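Contents: one structure, followed by commentary.
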Amino acid sequence: MATNSSFQLFSSSDEKGAPGLGLAFLDSFEPALPPPPPPVEVFSSEMPYSVKFTVEQVNVGELTLFKGRVSTKEVLGLSNSDLVPGVYEGGLKLWEGSLDLIKSLHSEIQNGNLSFKGKRVLELGCGHGLPGIFACLKGASVIHFQDFNAEVLQCLTIPNVKANVLEKSHRMGMGETNSDAEAEVRFFAGDWGEVDQLLPQGHDKEKELTCSSECDAIDGYDVVLMAETIYSISSQRSLYGLIKKCIRNPHGIVYMAAKKHYFGVGGGTRQFLSMVEKDGVLTSKLVCEVTDGSSNLREVWKLSCK
C-alpha cells in the first residue's frame, strides 16, 4: 500500500467508483491505486495521546468553533503533502469549502429552510468535522463522521468534537440550557465504495434510493454534509452511490460545498452535477456562490429528491 511519491491536492485522484452510471469517460488516465483499507468503526477511546494536538479558534461569520492542528508527518509519516492518492486523502487540512458549508447551513437555518433538531446527520470526507460539529451544536440527534483515514478520525476529528462539545457543556454550566437528549456521535473510516457496510443508517443496495412515489419510506440520514469531496473524477461515482444508499427517502437532503472546477484533475461541481442530472434521481439547487478574488468559483449546492 506504500507509494513512492506524494502529491499536492488535486494533482491526482481517489479510488475508482462503482460502474453503472454510464459515464465511461470517468475511467480516464488516472493510475491504478492500492486497495483501500477495510472499513472500520473508530471509537473515541482510540485517541492517540502521543500525537500533539493544538486547539485554535476558527471564526465562521458570527460563529466561533474550535479546531485542532496536528502534524501530517507525526500522524501519517508524510511531510509537505496535501494528498497521497489511495493512502491519505487530505483530511488533516482545513479546506475552504468546510467554512463555506457552515456559513450556508447557518443561513439556511436563519431563513427557515433547514433545522437540525432531532435529525440524523452524516458528514462524508469529514476531516476536521466542523460542519458535522455545527449540526451537533444545532440539535442533531445522530451525527456520524466518515473519513478515508482512521488516523484522521483518531487524531483530529474526535478531539475536535470533544473540544467543541466540552465548550458547549461549559456554556450550559454558565447558564445556558438544553433540553435535547445527548446526541449519538460515531466515527467510521473507509473508502466510499465499502463504508456503507458499516453505516447504521444506510440501507440495502437493492433498496437504493429511487425517490419513486410508489416506494415506501426508507430509513437513512436526514442530512448528508460534504465539503471538497468531488475533486477526483474517478471517485465521484462511488461517492454518489454511497449518497443514494444512505440518504433518507423521500425527504433526505444533501448539502455539498466544492469548487466549480478543480484544475488538474477535471472534477468539480459542474461535472458532478451533470452526473446527478443524468441519473435522474436527485435534483440540485444552488445555495450560494463564494468569490474571494481568485478565478476559481466556490459553490454550495443542495440535493434532494425530485
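Quantities reported herein were computed from a predicted structural model and do not represent experimental measurements. Computation of the quantities below employed the complete heavy-atom set of this structure, encompassing side-chain atoms and omitting hydrogens, waters and symmetry-equivalent molecules.
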For [X], which residues count as a salt bridge (Lys or Arg N to Asp or Glu O under 4.0 Å) partner, sequence neighbours excluded?
X	value
E151	none
D100	R298
E56	K67, R69
E74	none

**side-chain contact (heavy atoms from CB on, under 4.5 Å) partner of L225, the single match among L105, I102, I143, L122** =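 Output: one option passes, namely L105.
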**Prompt:** Does one hydrophobic cluster hold both Y262 and V290, with members joined at side-chain heavy-atom distances below 4.5 Å?
**Reply:**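 No; V290 is not reachable from Y262 via cluster members.
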**Prompt:** Would you say F53 and L76 are hydrophobically clustered, going by side-chain heavy atoms of ILVMFWY under 4.5 Å?
**Reply:**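 Yes, one cluster joins them.
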**Message:** For a quick check under 3.5 Å, do Q146 and E123 share a side-chain donor-acceptor pair by atom type?
**Reply:**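 No.
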**Prompt:** Going by the angle between their ring planes, with limits at 30° and 60°, are F187 and F145 parallel, tilted or perpendicular?
**Reply:**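 Because their plane-to-plane angle is under 30°, the rings of F187 and F145 count as parallel.
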**Message:** Pair V121, V224 - check side chain to side chain contact (heavy atoms under 4.5 Å, CB included), show working.
**Reply:** CA-CA 6 Å; V121 178; V224 176; over 6 Å; no
Just to verify, what does [X] make a side chain to side chain contact (heavy atoms under 4.5 Å, CB included) with, not counting sequence neighbours?
X	answer
V287	S104, E108, Y255, V300, K302
L303	V254, F272, L273, L282, S284
T283	S304, K306
K93	D82, W95

**Asked** Can you find a heavy atom in the side chain of Y240 that is under 4.5 Å from one in the side chain of W192?
**Response**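 Of all side-chain heavy-atom pairs linking W192 with Y240, none is under 4.5 Å.
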**Request:** Look at the side chain of S235 and the backbone N and O of S232, then say whether any donor-acceptor pair between them is shorter than 3.5 Å.
**Result:**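 The answer is yes, because a donor-acceptor pair under 3.5 Å joins these two groups.
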With [X], which residues qualify under side-chain hydrogen bond (donor to acceptor under 3.5 Å, both in side chains), at least two apart?
X	answer
Q57	none
H261	none
Q154	E46

**Listed once per pair and sorted, the salt bridge (Lys or Arg N to Asp or Glu O under 4.0 Å) pairs that draw on residues 261-277, sequence neighbours left out** =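 Sorted result for residues 261-277: R270-E299.
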**Asked** With respect to D222, which candidate in R120, K119, K117 satisfies the salt bridge (charged side-chain N to carboxylate O under 4.0 Å, His left out) definition?
**Response**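 Checked R120, K119, K117 against D222; only one passes salt bridge (charged side-chain N to carboxylate O under 4.0 Å, His left out): R120.
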**Prompt:** Below 4.0 angstrom, N of the basic side chain to O of the carboxylate: do K259 and E228 qualify?
**Reply:**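 A salt bridge links K259 with E228.
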